[in-house]
Protein chains: 4
Amino acid sequence: MASNPTTVATGSGGPAVDGQRPLRADALRNRARVLQAAEALFAAEGVGVPVDVIAEKAGVGVGTLYRHFPTKEKLYEAILIERIAGFTADARRRLGSENPGQAFFGFLEDLVAQSSLKRDLINAMAGAGVEFEVVAAEAKLALQAAVTDLLVVAQRAGSVRSDVTGPLVLSLIGATCVAADRPGQAASSNEMLAVVCDGLRVTGAGR
Amino acid sequence: MASNPTTVATGSGGPAVDGQRPLRADALRNRARVLQAAEALFAAEGVGVPVDVIAEKAGVGVGTLYRHFPTKEKLYEAILIERIAGFTADARRRLGSENPGQAFFGFLEDLVAQSSLKRDLINAMAGAGVEFEVVAAEAKLALQAAVTDLLVVAQRAGSVRSDVTGPLVLSLIGATCVAADRPGQAASSNEMLAVVCDGLRVTGAGR
Amino acid sequence: MASNPTTVATGSGGPAVDGQRPLRADALRNRARVLQAAEALFAAEGVGVPVDVIAEKAGVGVGTLYRHFPTKEKLYEAILIERIAGFTADARRRLGSENPGQAFFGFLEDLVAQSSLKRDLINAMAGAGVEFEVVAAEAKLALQAAVTDLLVVAQRAGSVRSDVTGPLVLSLIGATCVAADRPGQAASSNEMLAVVCDGLRVTGAGR
Amino acid sequence: MASNPTTVATGSGGPAVDGQRPLRADALRNRARVLQAAEALFAAEGVGVPVDVIAEKAGVGVGTLYRHFPTKEKLYEAILIERIAGFTADARRRLGSENPGQAFFGFLEDLVAQSSLKRDLINAMAGAGVEFEVVAAEAKLALQAAVTDLLVVAQRAGSVRSDVTGPLVLSLIGATCVAADRPGQAASSNEMLAVVCDGLRVTGAGR
DNA sequence: CATGAATGAGAATTCATTCAT
DNA sequence: GATGAATGAATTCTCATTCAT
C-alpha cells in the first residue's frame, strides 16, 4: 500500500488507491481541492494558516477538511508525501539517461527549482516532531533509494566523487531549498546550488 | 559568548548607547536575564514558547519583559542581533591570521558548530517577515562586511576561488545550519559543510 | 428484554402501529439495530456518544439512523419508552402473584437491578428538559398505573403502609437507580434499596 | 491544607488561604465572581454551559476564568468542594445538639433542601470520571467523617438503627437529591426523604 | 519601575444534522 | 430507502499584549 511511488504521485485525485474502497466522486474532488488549497496557502503564508482559511479557500467546510485529514498535521503529511513521491518519480525517470552526470545534476536542479515555490513546507516537517517523520518515512526511503541509484550511476561514470552518499546529497539539497526560501536571502538558490554541485564533482584539489 | 551579561546587553540597550538614557543597573540586569532565558528556551523548545514562560525562567514578570521588548518579535530580533554581532567579532578576530585559508574555513566551521545549538531561531527569522529583516539589517551588514574581508584575503591567498561573494558564503552557511537542525536529518552539518567548502575551494575541474 | 429485536421495535414503530404505514422488513430491522446499538452505547459510555458511532455500531449509515429518529433526543426517547414499557410489563406479570408483598418488593428489586446496567440514560432523561417528558409521558403513565395496581394489592395485604402512592414509589426507585450509578458511590444499590423498602413497610414506630 | 473545613467553607473569597501567597484583591474578587456565576449557571442550565457564558456572566474575560481554573473540570471541582465543605460545617455545628436524633434527621433535611437548588452539579460529578473524584475526595472524606459522627450519636440515642453507616446515609441522601431535581418528578424530595428516614429509624418490623 | 492579573481574538477540533449520490 | 460525505456553529483552551496595583 502506498509503496508504489508512481501511484502515490498520481497525487491529488487518482481513484481507487490505497486498499480502501474508492472514494465517492465528490469526496475525491474535495480531498483534492483541500490538498491544493493547503499546498498553496502553506507555500504563500507558512504553516500558520488557520484550517478555516484552508477550508474556505478549498471551498469546503472545516468539517469536510477534517473528514479527510483528521489533524492539521496529517494534512502536512499528505502534502509532504505527495511531493516527495513526485521527486522520487522524477529521479526514476532520469535513471535511464545516457548522460548520468547530467541526469544527476539536472535532477538536483529540478529539486531546488520546485522547492523554491513551496515555502515553509519543509520547515513544517522539521517542526512537527517525531510521529510525523515516522509516517513520511516510507516516502522518504523511496526517494533516498531513487536518488542513490541515480547517484551511483553518476559516480560510476566519474561525474560525481565517490565518497558522497544519497542521504548526504539529499541533506545538501534540502539545505539549499530551505535556505533559498528565507526572505532577504542575498544569494539565489542557483548560486548556492552551483557551489554545492562543484563540491560534489570529482576534484583533485582540496582533499 | 552569551554568557557575559554585559556583552549580551551591548546589543541595543547597553549603558549610554543608542541615544537613550542609560538604564538603571537592575533594569540592565533584567534585560540580560530575559535575553538569556529567551535564547535558552528558543533553542530548546523552538520559538513557540509562550512569553510567560520566558519571563518566568528569567525570573521577572511579563510586564518587565515587555518593558524591554515591546513585542515578542523584538525579542527575537535582539537575540538575533546579538548572535550576529558575536559572529562578526569572531570574523574580525580571525582577520589577522597568518593562514587566510584556514582562517576563512575555520570561521565557517565555527558558524556551523554554534548554530547547530540554536534550533529554530534562524527559522523564526525566516518566518517573521520583512519588518524583522529591516531592523536586523545593520547587524547583518556588519557581518557581511567582516566575512567579505575574510573572504577576500583568503581569495588573494588562493585558498578560495575568486567568483564567490560574501553574501553567497553566508547563504550557504545559513543553509547548512538550518538544514542540520532538522530532525531526522541523515547527514551531519559537518558532512554538509565539507562538501560546501570543497565547492568553495579553487578547483580546476567542473568550470 | 431488549435482546429480541421484534420486542424492541414494538416501542413506537412496529408493524401496523401508530397510524403510520407499516415499515418494510429491512427498515424494521434497521430500526431495531439502531435501538439496540444505542442502548448498549449509552449504557457503556454515556449519552455523549456521537451519533456516527451509534450508526456504525448498528451497521447502518447515519442517514438511516436519522430516517428513523429525526433527532438524537428522539432516540433517547425511544429507548426510554421501550424500557419503561418493559418494566410495565414486568409489573403486570407480577400482579397475579399469591404473595402481594413479595411481588411488590421483588418488582422494585428488578427495577433497581436492571437499571444499574444502564448508566446515564436516566440522567439523560433528566437533562433533556420538558419536551422530552411530554413524549414519554404516555409510557410513564402506563407504568405508574401498573405500579399503583401492584402497590394497592400489597397495601391491602398489609405489606406496605397505606400512605404511600405509586408515583412516590417510582420516584424513590428512580433515585436509587440514578444514585447507584454514580462512580465512587460508597453504598450499593441493594443497600440503599433495603433502607427504602424498610421505609415503605408497615411500621409502628416513627409516625 | 484545605483540610480545615471551616476555612474552606469560607468559600468564595476568604483572603490568605491555601499556603499560596494571598491573591491580589482584584484577583480574589474575580475568582469569587466566576465561582458565583458558574454555580448559578450550572444550577440553572446544567453543566453544558459554555465557559464563555460563565465568563461573561461573571463579568470577566475567558482568559481570567482560565487563569483561576485551568480547566472547566477544575471549576466543577472547586464548586463541588466548596459545597461539600459547607455541608460538613453544617454537620459539625449540629454535633453538640441535645437531641441527637433530631440533629441527625434535621441535617438530612438541610442537605436535601439545599441540594434541590443546585441542579445538575452532582450529576456533573458523576460524569466527570476518576480524576475528579480524586481531587474532591478529601472534602468528601471530611463530610463522611462529620456525618458518621452525627450518626453514631443518634444511634447511641436510639433514634437510628444500628446497622447503617455514614456512607450509606450519604448515598441515600445523594439519591434523594439527585432524583428530586429531575424534571417531571412526581414526588417531592420531602416525601422521598420521609420514607428514607423511616427506613433509617429503629423499627421492630421487617427485619 | 516591577509585577502578574486581565483581556479577548483566534486556534484546533467535534458533532448533530442535512443532502447529494 | 440507504449511504456516508458535507456542513458549520459551537466549544474548549492558548497566548500576545495591556493595565491596575
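What you see below is based on every heavy atom in this structure, not just the backbone, and it leaves out hydrogens, waters and symmetry mates. Residue numbering restarts at 1 for every chain, and letters A, B, ... go by the order of the sequence lines.
- Whole-Å rounding puts the D/Asn30 CG to E/dG8 P distance at 12 Å.
- If you take NE2 of B/His68 and C1' of E/dT3, they are 13 Å apart, rounded to a whole angstrom.
- To the nearest angstrom, P of F/dT12 lies 11 Å from CG of D/Leu75.
- Spacing between atom CG of D/Leu28 and atom C1' of E/dG4 amounts to 15 Å, rounded to whole angstrom units.
- In this structure, the side chains of B/Arg31 and B/Arg67 stay at 4.5 Å or more apart for every pair of heavy atoms.
- Shown here for A/Ala58 and A/Val34, the closest heavy-atom pair between the two residues is CB-CA, 3.8 Å.
- For DNA chain F, runs of at least 3 consecutive pairs of the Watson-Crick or G-U wobble type, with both hydrogen-bonding distances under 3.5 angstrom, map to E:2-21 with F:2-21.
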(request) Going 5' to 3' through nucleotides 15-21 of chain E, assign each nucleotide B (protein heavy atom under 4.0 Å from a base atom), S (under 4.0 Å only from sugar-phosphate atoms) or - (no protein heavy atom that close). (result) SBBB---

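- To the nearest angstrom, P of F/dA16 lies 17 Å from NZ of B/Lys74.
- Between C/Ile54 and C/Val62 the shortest side-chain heavy-atom distance does not fall below 4.5 Å.
- Mapping B/Arg67 and D/Thr64 onto DNA chain E by nearest heavy atom places B/Arg67 at the nucleotide closer to the 5' end.
- Rounded to the nearest 0.5 Å, atoms NZ (A/Lys57) and CG (A/Leu65) are 14.0 Å apart.
- Atom-to-atom, CG of D/Leu65 to C1' of F/dC15 comes out at 16 Å; the value is rounded to the nearest Å.
- Following rounding to the nearest Å, A/Leu41 (CG) and E/dA12 (P) show an atom-to-atom distance of 12 Å.
- Considering only heavy atoms from C-beta on, B/Thr71 stays 4.5 Å or farther from B/Tyr66 through its side chain.
- Computed from coordinates, the B/Lys57 NZ to E/dG4 C1' distance equals 20 Å when rounded to whole Å.
- A distance of 11.0 Å separates CD in B/Glu73 from CG in B/Leu80, rounded to the nearest 0.5 Å.
- No donor-acceptor pair under 3.5 Å is formed between the side chain of C/Lys72 and the backbone N or O of C/Pro50.
- For the pair C/Thr64 and C/His68, the minimum side-chain heavy-atom distance is below 4.5 Å.
- A heavy-atom distance below 4.5 Å is not found between the side chains of C/Phe69 and C/Tyr76.
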